Amino acid sequence: MTQASADRSFGRVTVLLGANNGKYPHGNSVLVRGRDARLIIDPSLAVAARAKELRGAAEVMVVSHAHEDHIAGVFVFPEAEVFAHREDAIGMRSVEGLMAIYGYGAELTPGMRDYVIDHFHYCARPDTQEFDDSAVFELGGVRVRAFHLPGHTRGHCAFLIEPEGVLFLGDIDLSGFGPYYGDAWSSVDDFARSLERVRAIEARVWVSAHHVGVIEDPAVYEKRLAAFTAKITERDQAIVEFLREPHTLAEMVRRRFLYPPQAELPFIDMAEQHTIEQHLRRLAAAGAVVEMEPGVFRHSSGVPTPPPARTGPR
């Protein structure tokens with residue numbers, strides 16, 4: 001393989017950087033070369049764009065989770081063994097399984113199906129094999145260890161490549177957008193727990209699937225992880241503030257707490273709804289929000305909001 005100028009190498013690990021450090025719809029992928037086998041993690045549009053060059057470059061393919069931007073280059077490796085966490089394997093085996101993970105409803109699903117096929121080259125792999133937390137892929141002198149970090153999807157994982165100490169974070173992407181948990185199979189509470197767990201994984205290099213790319217400075221990683229984690233509490237607080245006056249869920253969706261007002265994608269309203277509903281459940285359980293009447297919510301005056309998520313050093 002001819003190494004592109006955007007690639008970053010760390011021993012037997014090569015990070016294939018997408019456009020703009022993998023900014024969506026692009027993504028960053030990782031190629032690991034062992035003595036006995038080669039493995040690709042999250043073949044993205046960056047891999048799809050280099051299909052001729054990369055075809056046959058890996059015998060094993062693993063995905064951090066089943067989302068369109070992380071599997072756009074699956075077609076490049078038709079002979080490779082494919083692995084996904086058992087909770088997300090359904091999204092690799094058929095496009096209908098992927099639609100179930102999104103959960104956008106009957107109105108949006110046909111368009112989303114066309115979108116992932118037309119723009120992300122969706123390629124069903126019914127032969128996808130399953131792995132679970134702590135699975136290890138031995139490649140000969142180098143290994144890839146899976147860490148189940150759900151929240152973004154039920155099966156979302158990070159991968160630590162040893163002995164190089166490279167941690168691929170998947171969609172714990174450390175972007176300014178913050179954690180995304182807007183699908184039917186997402187969970188803000190699982191995401192918060194996963195952000196605690198990822199802090200304890202020792203690494204020397206961190207690779208984000210989007211936006212940030214490669215981080216080699218631990219202080220930069222800690223700062224970005226703290227800011228990323230804090231977004232959950234910021235959304236809690238923004239919703240509570242908005243509910244100083246009563247509002248319906250539909251009004252909250254129009255207000256937007258996840259996407260900026262100028263963003264225009266067909267699934268945004270559904271993602272906002274999934275996100276807001278989760279925060280409302282969190283806030284209601286904490287006594288910070290009450291449902292005054294069916295579908296109408298208001299801040300519960302005098303009741304403190306949930307404490308901020310932990311953002312200090314490990």
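It should be emphasised that the depicted structure is a prediction, and the values quoted were computed from it without experimental measurement.
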I'd like to know if [X] pairs up with [Y] as an ion pair, taking the criterion as any Lys NZ or Arg NE/NH1/NH2 lying under 4.0 Å from an Asp or Glu carboxylate oxygen.
| X | Y | result |
| --- | --- | --- |
| Asp236 | Arg282 | yes |
| Glu53 | Arg50 | yes |
| Arg197 | Asp133 | yes |
| Arg204 | Glu162 | no |
| Arg145 | Glu138 | no |

To the nearest 0.5 Å, what is the distance between [atom1] ([X]) and [atom2] ([Y])?
| X | Y | atom1 | atom2 | value |
| --- | --- | --- | --- | --- |
| Ile101 | Glu87 | CD1 | CD | 9.5 Å |
| Lys52 | Arg55 | NZ | CZ | 11.0 Å |
| Gln273 | Asp269 | CD | CG | 8.5 Å |
| Asp42 | Leu16 | CG | CG | 11.5 Å |
| Phe228 | Lys231 | CZ | NZ | 10.0 Å |
| His299 | Glu245 | NE2 | CD | 11.5 Å |

Taking the side chain as every heavy atom from C-beta outward, state whether [X] and [Y] have any pair of such atoms under 4.5 Å apart.
| X | Y | result |
| --- | --- | --- |
| Pro163 | Arg12 | yes |
| His85 | His148 | yes |
| Pro126 | Ser94 | no |
| Asn21 | His211 | no |

**Asked** Between Arg255 and Phe257, is NZ or CZ placed under 6.0 angstrom from the six-membered ring centre and within 45° of the ring axis?
**Response**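 Relative to the ring axis of Phe257, which defines the angle, Arg255 lies inside both limits.
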**Cluster companions of Val142 among Ile, Leu, Val, Met, Phe, Trp, Tyr (side-chain spacing under 4.5 Å)** =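 Phe10, Val13, Val15, Leu17, Val30, Val32, Leu39, Ile41, Val60, Val62, Phe83, Phe131, Phe137, Leu139, Val144, Phe159, Ile161, Val166, Phe168, Val205, Val207, Val214, all in the cluster of Val142.
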For [X] versus [Y], what's the shortest heavy-atom pair and its separation?
| X | Y | result |
| --- | --- | --- |
| Phe191 | Asp171 | CZ-O, 3.9 Å |
| Asp88 | Ala66 | OD2-N, 3.0 Å |
| Gly103 | Ala184 | CA-CB, 3.6 Å |
| Ala209 | Gly170 | CB-O, 3.1 Å |

**Item:** Trp206 and its side chain to side chain contact (heavy atoms under 4.5 Å, CB included) partner, picked from Ile215, Leu174, Val212
**Value:**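 That would be Ile215; it is the only one of Ile215, Leu174, Val212 passing the side chain to side chain contact (heavy atoms under 4.5 Å, CB included) with Trp206.
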Do [X] and [Y] meet the criterion of a side-chain donor-acceptor pair at a distance under 3.5 Å?
| X | Y | answer |
| --- | --- | --- |
| Asp69 | His26 | no |
| Tyr180 | Asp173 | no |
| His279 | Tyr181 | yes |
| Thr14 | Asp7 | no |

Between [X] and [Y], is there a shared hydrophobic cluster once you connect ILVMFWY residues whose side-chain heavy atoms come closer than 4.5 Å?
| X | Y | result |
| --- | --- | --- |
| Trp185 | Ile71 | no |
| Leu45 | Ile117 | yes |
| Leu280 | Val290 | no |
| Ile90 | Leu98 | no |
| Met61 | Phe120 | yes |

**Prompt:** Between the main-chain N or O of Gly27 and the side-chain N or O of Ser44, is there a donor-acceptor pair closer than 3.5 Å?
**Reply:**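 Between the backbone of Gly27 and the side chain of Ser44 there is a qualifying donor-acceptor contact (under 3.5 Å).
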Under 3.5 Å, which donor-acceptor pairs link side chains of residues 105-115 to any protein atom two or more places apart or in another chain?
| residue | atom | partner | partner atom | Å |
| --- | --- | --- | --- | --- |
| Thr109 | OG1 | Gly105 | O | 2.7 |
| Arg113 | NE | Glu96 | OE2 | 2.8 |
| Arg113 | NH2 | Glu96 | OE1 | 3.4 |
| Arg113 | NH2 | Glu96 | OE2 | 3.2 |
| Tyr115 | OH | Tyr24 | OH | 3.2 |

**Message:** Show every ring-ring contact (aromatic ring centres under 6.0 Å, His included) that has at least one partner inside residues 31-69, sequence neighbours left out.
**Reply:**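 Matches after skipping sequence neighbours: His65-His67, His65-His70, His65-His152, His65-His156, His67-Tyr102, His67-His152.
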